Undergrad: 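Have a look at the structure that comes next, please.
Small disclaimer: the values here were computed from a predicted structure and weren't measured. Below, read A as the first sequence line, B as the second, and so on, with proteins coming before strands; counting in each chain starts at 1.
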Number of protein chains: 2
Amino acid sequence: MISKNLTAASTKAIILGILKQGNSYGYLIIKKIKKMSGGKMEYSDGMLYPVLHRLEKDGLIQSNWTMSEDTRPRKYYEITEAGKQALLEEKEQWLQVNTVLEKLWNLKPDTNY
Amino acid sequence: MISKNLTAASTKAIILGILKQGNSYGYLIIKKIKKMSGGKMEYSDGMLYPVLHRLEKDGLIQSNWTMSEDTRPRKYYEITEAGKQALLEEKEQWLQVNTVLEKLWNLKPDTNY
DNA sequence: TCAATATACTTTGTAATTCTATGTATATAG
DNA sequence: CTATATACATAGAATTACAAAGTATATTGA
């Protein structure tokens with residue numbers, strides 16, 4: 001299981017990244033994440049839905065209910081332009097921290113930092 | 001500036017990683033992180049010291065005061081065996097999330113997740 | 001000489017956040 | 001016909017991070 005902190009730090013980028021692939025809805029997003037992570041990341045609905053609401057409030061995604069005869073009503077989310085921009089920023093920050101960690105993992109002792 | 005969440009998610013690995021390089025003390029650790037990140041990550045003392053105390057309480061690091069005639073008293077920290085183990089676990093978790101994010105960043109549209 | 005800044009560590013309290021738990025409801029599989 | 005899966009929502013308990021304030025010494029430079 002992935003730690004709380006790491007989950008929190010990656011949630012925004014993961015959701016935006018998934019929606020950049022194509023529109024989706026809460027329940028399916030949870031399953032996609034589980035599948036993508038090989039079961040290592042598992043969001044409860046109570047964890048995910050509030051995040052979706054916040055992202056929508058912040059204008060990074062937008063929703064619309066779809067009614068179909070085949071399935072139950074679903075609230076589909078779509079990434080906005082602001083959301084795509086936010087995703088780039090998330091990526092940049094992640095890579096920055098990743099760079100620091102890679103230095104530490106690969107470093108020989110007594111490197112001068 | 002790196003977001004709060006990302007900072008929180010990486011703090012433990014970064015501190016343990018730095019101490020694996022060699023013993024150090026709070027004030028210096030703050031400066032090392034700043035240097036390693038090119039100024040992007042900047043911990044306040046109020047942020048770092050409580051983390052050091054927690055890591056010590058958890059047995060991942062241990063401290064001893066050093067008195068010197070040249071400098072002021074410093075509390076040096078040293079990583080423990082348990083700390084080295086914890087660092088490996090942190091690394092593994094980070095890489096796991098990193099794998100998911102890389103998939104999302106590189107994915108072509110309509111990949112089946 | 002003395003003021004400002006850098007070094008060095010500590011802790012309290014609160015502000016913010018998280019997510020567990022609970023609720024609603026329908027569809028389907030066995 | 002019931003258990004499970006699908007689908008979304010939210011209140012509030014519980015946690016937690018960290019800004020702010022405190023203590024104290026060393027050094028720089030005006």
Side-chain angles (χ1 to χ4, degrees), chain A residues 1-15 18-19 23-35 39 41-58 60-78 93 97 113, chain B residues 1-15 18-19 23-35 39 41-58 61-78 97 113:
Chain A
M1 243 330 129
I2 302 297
S3 76
K4 217 163 103 171
N5 275 338
L6 249 183
T7 303
S10 55
T11 299
K12 191 173 168 181
I14 287 178
I15 293 174
I18 285 175
L19 292 179
N23 300 350
S24 192
Y25 56 96
Y27 193 83
L28 183 56
I29 291 173
I30 290 172
K31 293 207 299 179
K32 277 176 196 255
I33 295 174
K34 191 177 176 186
K35 190 173 175 191
M41 307 189 80
E42 198 167 358
Y43 285 83
S44 68
D45 45 4
M47 282 166 72
L48 191 80
Y49 288 113
V51 178
L52 289 173
H53 298 162
R54 178 164 57 75
L55 293 179
E56 182 167 33
K57 193 171 120 300
D58 294 344
L60 307 184
I61 61 180
Q62 59 191 24
S63 66
N64 64 308
W65 282 98
T66 55
M67 305 304 181
S68 153
E69 278 159 27
D70 305 336
T71 66
R72 311 178 40 194
R74 289 172 180 156
K75 200 177 191 177
Y76 269 86
Y77 287 95
E78 180 182 355
Q93 288 206 16
V97 178
Y113 280 113
Chain B
M1 242 330 129
I2 303 296
S3 76
K4 218 164 103 170
N5 275 338
L6 251 181
T7 303
S10 55
T11 299
K12 190 172 168 182
I14 288 178
I15 293 175
I18 285 176
L19 292 179
N23 300 351
S24 191
Y25 56 97
Y27 194 82
L28 183 56
I29 291 172
I30 290 172
K31 294 207 296 179
K32 278 176 195 254
I33 295 175
K34 191 177 176 186
K35 191 173 176 192
M41 306 189 81
E42 198 165 358
Y43 285 83
S44 68
D45 45 5
M47 280 166 72
L48 191 80
Y49 287 112
V51 178
L52 289 173
H53 298 162
R54 179 165 55 77
L55 293 179
E56 183 167 33
K57 194 171 120 304
D58 293 344
I61 61 180
Q62 59 192 26
S63 67
N64 65 306
W65 283 98
T66 55
M67 307 301 183
S68 153
E69 278 158 27
D70 306 337
T71 65
R72 313 176 40 193
R74 290 172 181 156
K75 199 178 191 175
Y76 270 85
Y77 287 95
E78 180 182 357
V97 177
Y113 280 114

Undergrad: How far does NZ of B:K34 sit from CD of B:E42, to the nearest 0.5 angstrom?
TA: 4.0 Å

Undergrad: Report all interatomic pairs (protein N or O, nucleotide N or O of nucleotides 23-27 of chain D) with separations under 3.5 Å.
TA:
residue: D:dA24; atom: N3; partner: B:R72; partner atom: NH2; Å: 3.1
residue: D:dT25; atom: O2; partner: B:R72; partner atom: NH1; Å: 3.2

Undergrad: Taking the side chain as C-beta and beyond, is there a heavy-atom pair between A:V51 and A:K12 under 4.5 Å?
TA: no

Undergrad: Grab the CG-P distance between A:L48 and D:dA9 for me, whole Å please.
TA: 11 Å

Undergrad: Can you name the one residue among B:I18, B:L28, B:I61 that meets side chain to side chain contact (heavy atoms under 4.5 Å, CB included) with B:Y77?
TA: B:I61

Undergrad: Give the rounded distance in Å between these two atoms: NZ of B:K57 and P of D:dT16.
TA: 10 Å

Undergrad: Would you mind reading off the distance between A:K31 atom NZ and D:dA5 atom C1', rounded to a whole angstrom?
TA: 8 Å

Undergrad: Under the side chain to side chain donor-acceptor pair (under 3.5 Å) definition, can you give me all pairs with a residue in residues 43-56 of chain B, not counting sequence neighbours?
TA: B:T11-B:Y43, B:E56-B:S63

Undergrad: Give the rounded distance in Å between these two atoms: CD of B:E42 and C1' of D:dA17.
TA: 18 Å

Undergrad: Please evaluate residues A:L52 and A:K75 with respect to the criterion side chain to side chain contact (heavy atoms under 4.5 Å, CB included), reporting the C-alpha separation (whole Å), side-chain torsions for both, the decisive distance (0.1 Å), and the verdict.
TA: CA-CA 11 Å; A:L52 289 173; A:K75 200 177 191 177; over 6 Å; no

Undergrad: Taking protein heavy atoms under 4.0 Å as touching, what does nucleotides 9-19 of chain C look like 5' to 3' if B marks base contact, S marks sugar-phosphate-only contact and - marks none?
TA: BBB-------S

Undergrad: Quick check: do B:L55 and B:I15 have side-chain heavy atoms less than 4.5 Å from each other?
TA: yes

Undergrad: Would you say B:L19 and B:S24 make side-chain contact, with heavy atoms under 4.5 Å?
TA: yes

Undergrad: Rounded to whole Å, please give me the gap between CD1 in B:I30 and P in D:dA19.
TA: 12 Å

Undergrad: Do A:M1 and A:M41 come close enough that some side-chain heavy atom pair is under 4.5 Å?
TA: no

